[in-house]
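Data block below; observations after.
Keep in mind that what you see is a predicted model, and the values were worked out from it rather than measured. Chain letters run A, B, ... following the sequence lines, proteins first, then strands; residues in each count from 1.
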Amino acid sequence: MARILITSAIPYINGIKHLGNLVGSQLPADLFARFCRARGDEVMFICATDEHGTPAELAAAKAGKPVEDYCAEMHEVQKELAAGFRLSFDHFGRSSSQRNHRLTQHFAGVLADNGLIREVSEKQVYSIDDKRFLPDRYIEGTCPNCGYTSARGDQCDNCTKQLDPTDLINPHSTVSGSTNLEVRETKHLYLMQRTLRDKLEAWIDSKTDWPILTTSIAKKWLNDGDGLQDRGITRDLYWGIPVKHGDQPWPGMEGKVFYVWFDAPIEYIAGTAEWADAHGLDNAAWERWWRTDKGASDVTYYQFMGKDNVPFHTLSFPATILGSGEPWKLVDYLKSFNYLNYDGGQFSTSRGRGVFMDQALSILPSDYWRWWLLSHAPESSDAEFTWENFQASVNKDLADVLGNLVSRVTKFARAKFGETIPSGGSFGAQETALIADLGARIKDYEGHMAAMEVRKAAAELRGIWVVGNEYLQSAAPWTVVKTDPDQAQAMIRLAINLIRIYAILSEPFIPDASATMMSALNSTDWTWPTTVSEAIRALAPGHAFAVPENLFRKITDEERAEWQVKFSGIRT
RNA sequence: GGGCCUGUAGCUCAAUGGUUAGAGCAGGGCGCUCAUAACGCCUUGGUUGGGGGUUCGAGUCCCUCCGGGCCUACCA
């Protein structure tokens, strides 16, 4: 029994996430967590909301609420939606937790003690009317290069030239529109990643089995230009973790907070501590997942994230861990995803384009979405959501192949032999061949799942479902029952047991449907079907079962057309 | 500008440099009647974006051109 630590990139607190966000980290992480648990591994699956930073403060201000209240509310909203999608986190924490405050301050202190923090005095744009320093992209003005009037302080979207906010002509705050800006001197802490560069490179180079998408991004940052740069880890904001040296004040840094990207990944650890707190456990309970000197040396740690998160997880966060000199667990495998596009363009949170988690659940149950998203996960390149494709996949895979199989088996069994598993006959050549075929396919499925090859796993699972229909067609119990009822009973006994096996195998993808199948079969035996010849006999003659409601309904052309229109515009 | 990814059947995707490039869906035909008009079997679709090169052999490696995408460090 392995010990598996899984973290999903933590979703930003600002607003409800869209399906692209979901499929890029939380959903595949959940798939993997469920698979590992199903096979008997000890799993710790952690996620949280990422709550700090300028956008959270601005969103709270827009909502007319104190940022603490706004984040608390949005955390509950996201927690509820995660539950709606059946995301099986052991804990869904908050980066604003006291646990994260203490850990982040601890890491900063240790890094400073190790000579890896330096103070830098720099010039930042301050908006007098907004009473805040503004990140470069919150300043707009006219591009000195091309004359575009909505150029951002970091880059002109029109001519793509990299800019400095002071380059802009007629700069103004995008928060208030105010032009009352000035450049102020401010002091910040920098993490000296340059010092750790060689150590990081050696570590990255040792990860030969990581996806190319992951390592190529890391290497680019390590080697591009002057190589890995030191990184500012503090900001002049109100909402964040106060800069402290461990539990001591940090002279000269009063009123400043840590940068969100410094504290966010530390929340993976803090979230596990929150989990322990929530269960009344002591520190040893979470430390055995994270401290190799306290029991975590046999833990394998997997991270899931979208490609935009890769630099922070391959470089910044490992720099924090390695630089601490303390025996914290580093990630063993990093699974990254490309983006999901929506009907010819990008999903966009800021522009409200696409289907959002709450909207998705309002029209169909989570299994429908889980199946489509996972079986089309953007692994090798960006993928595209279209309503036609969604309708086709759901109707064919879920309703026809799996749902109908469960339906035809249970209804035939009830009609001919009643609602208990029949005892007649015995397995012959056809059944033996099916068992062998299933054994090979399950092994294949396990291989893809263990390798986190999500699409391939989905395709194999579907193939496993199809095998059931093929068997029924060639065995034809509806014909056999007329001449040899005993043999037909054996076929149905096998077919009902097949449903149980399918429920277990499918649970990581479609947990609700699996639960419905198991409940109809009156079974709580979720033992992974390692040996098919045994698993196919788990439900013995005489065992009572029921015919479940149809597992999946079909999406009609009218619905598809309606949703296409409904979700074509911009969410307000 | 630089770096990386990507382009394969109408659609969504597969193929450690090695038989005749494969699946699912859609399309066509046949079968079955237990089932949500569901299922099964057979089948039509390809100059692997264009061009050049390396190799006994290229979808795969190299060069080049064309198209799509991501990143480029203060959004997160």
Nearest-nucleotide check on RNA chain B, A:Gln229 vs A:Leu472; residue mapping nearer the 5' end is A:Leu472
For residues 48-63 of chain A, the salt bridge (charged side-chain N to carboxylate O under 4.0 Å, His left out) pairs (sequence neighbours left out) are A:Glu51-A:Arg94, A:Glu57-A:Arg132
Is it the case that the side chains of A:Asp557 and A:Gln391 hold a donor-acceptor pair, with the cut-off being a distance below 3.5 Å and no angle test?
yes
From CZ of A:Arg235 across to C1' of B:A73 the rounded distance in Å is 10 Å
Side-chain (A:Asp382) to main-chain (A:Asn338) donor-acceptor, under 3.5 angstrom | no
Gap in Å between the two P atoms, one belonging to B:C34 and one to B:C39, rounded: 16 Å
A:Arg152 atom CZ is separated from B:U72 atom P, nearest whole Å, by 11 Å
Atom CH2 of A:Trp261 and atom P of B:A73 are separated, to the nearest Å, by 15 Å
Give me the distance, rounded to whole Å, that separates B:U8 from B:G59 when you measure between the C1' atoms they each carry.
7 Å
Please check this pair: side chain of A:Arg493 against backbone of A:Pro422, looking for a donor-acceptor N/O pair closer than 3.5 Å. yes
Margin query: Can you tell me if A:Tyr339 touches the phosphate of B:C71, counting only side-chain N or O atoms and a distance under 4.0 Å to OP1 or OP2?
Written below: yes
Pairwise C1' distance for B:C30 and B:G67, with rounding to whole Å:
42 Å
Taken in chain and number order and not counting sequence neighbours, the residues that satisfy ring-ring contact (aromatic ring centres under 6.0 Å, His included) with A:His313 are A:Trp261, A:Tyr268
Letter by letter from the 5' end, nucleotides 9-14 of chain B scores (B base, S sugar-phosphate only, - none; protein heavy atoms under 4.0 Å) ---SSS
Residue set satisfying ring-ring contact (aromatic ring centres under 6.0 Å, His included) with A:Phe385, at least two apart, ordered chain then number -> A:Tyr342, A:Trp372, A:Trp387, A:Phe390
Item to check | B:C25 OP1/OP2 closer than 4.0 Å to side-chain N/O of A:Arg462 | outcome: yes
For A:Tyr70, the ring-ring contact (aromatic ring centres under 6.0 Å, His included) test, sequence neighbours excluded, returns none
Its glycosidic angle compared against 90° from 0, B:G45 adopts the form syn
Hits for salt bridge (charged side-chain N to carboxylate O under 4.0 Å, His left out) against A:Lys411, two or more places apart or cross-chain, chain-then-number order -> none
Next on the checklist: Roughly how many Å apart are B:A14 and B:U48, using the C1' atom of each and rounding to a whole number?
Outcome noted: 13 Å
Expected list for residues 7-14 of chain A near RNA chain B, using heavy atoms below 4.0 Å, is A:Tyr12
Taking A:Ser407 for its side chain and A:Gly403 for its backbone only, find out whether a donor-acceptor pair lies under 3.5 Å. no
The correct list of stems in which RNA chain B takes part (3 or more consecutive Watson-Crick or G-U pairs, distances under 3.5 Å) is B:1-7 with B:66-72, B:10-13 with B:22-25, B:27-31 with B:39-43, B:49-53 with B:61-65
Separation of B:G68 atom P from A:Leu340 atom CG, nearest Å, is 20 Å
For A:Ser121, the side chain to side chain donor-acceptor pair (under 3.5 Å) test, sequence neighbours excluded, returns A:Glu185
| task | Look at the side chain of A:Glu388 and the base of B:C25, then say whether one donor and one acceptor between them are separated by less than 3.5 Å. | result | no
Under a 4.0 Å heavy-atom cutoff, the residues of residues 404-415 of chain A touching RNA chain B are A:Asn404, A:Ser407, A:Arg408, A:Lys411, A:Phe412
Sorted by chain and number, sequence neighbours left out, ring-ring contact (aromatic ring centres under 6.0 Å, His included) with A:His448 holds for none
Partner of A:Thr234 under side chain to side chain contact (heavy atoms under 4.5 Å, CB included), picked from A:Ile117, A:Ile241, A:Leu189, A:Thr186, is A:Leu189
So the salt bridge (charged side-chain N to carboxylate O under 4.0 Å, His left out) pairs with at least one residue in residues 395-405 of chain A (sequence neighbours excluded) are A:Asp397-A:Arg462, A:Asp400-A:Lys554
Next item on the list: May I ask you to evaluate whether A:Lys396 reaches the phosphate of B:C39, defined as a side-chain N or O under 4.0 Å from OP1 or OP2?
Entry: yes
Pair A:Trp221, A:Thr314: side-chain N/O donor-acceptor within cut-off below 3.5 Å: no
Rounded P spacing from B:G40 to B:A26 in Å: 11 Å
> Any side-chain N or O of A:Tyr259 under 4.0 Å from OP1/OP2 of B:A76?
Replying inline: yes
Classify the side chain of A:Gln124 versus the base of B:C74 as yes if they form a donor-acceptor pair under 3.5 Å and no if they do not. yes
note: A:Arg184, atom CZ; B:C74, atom C1'; distance rounded to Å ~ 18 Å
* Using the P atom as the reference point in each nucleotide, state the distance between B:A15 and B:G53 in Å, no decimals. => 28 Å
Next item on the list: Compare all side-chain heavy atoms of A:Trp478 with those of A:Lys416 and state whether any distance is below 4.5 angstrom.
Entry: no
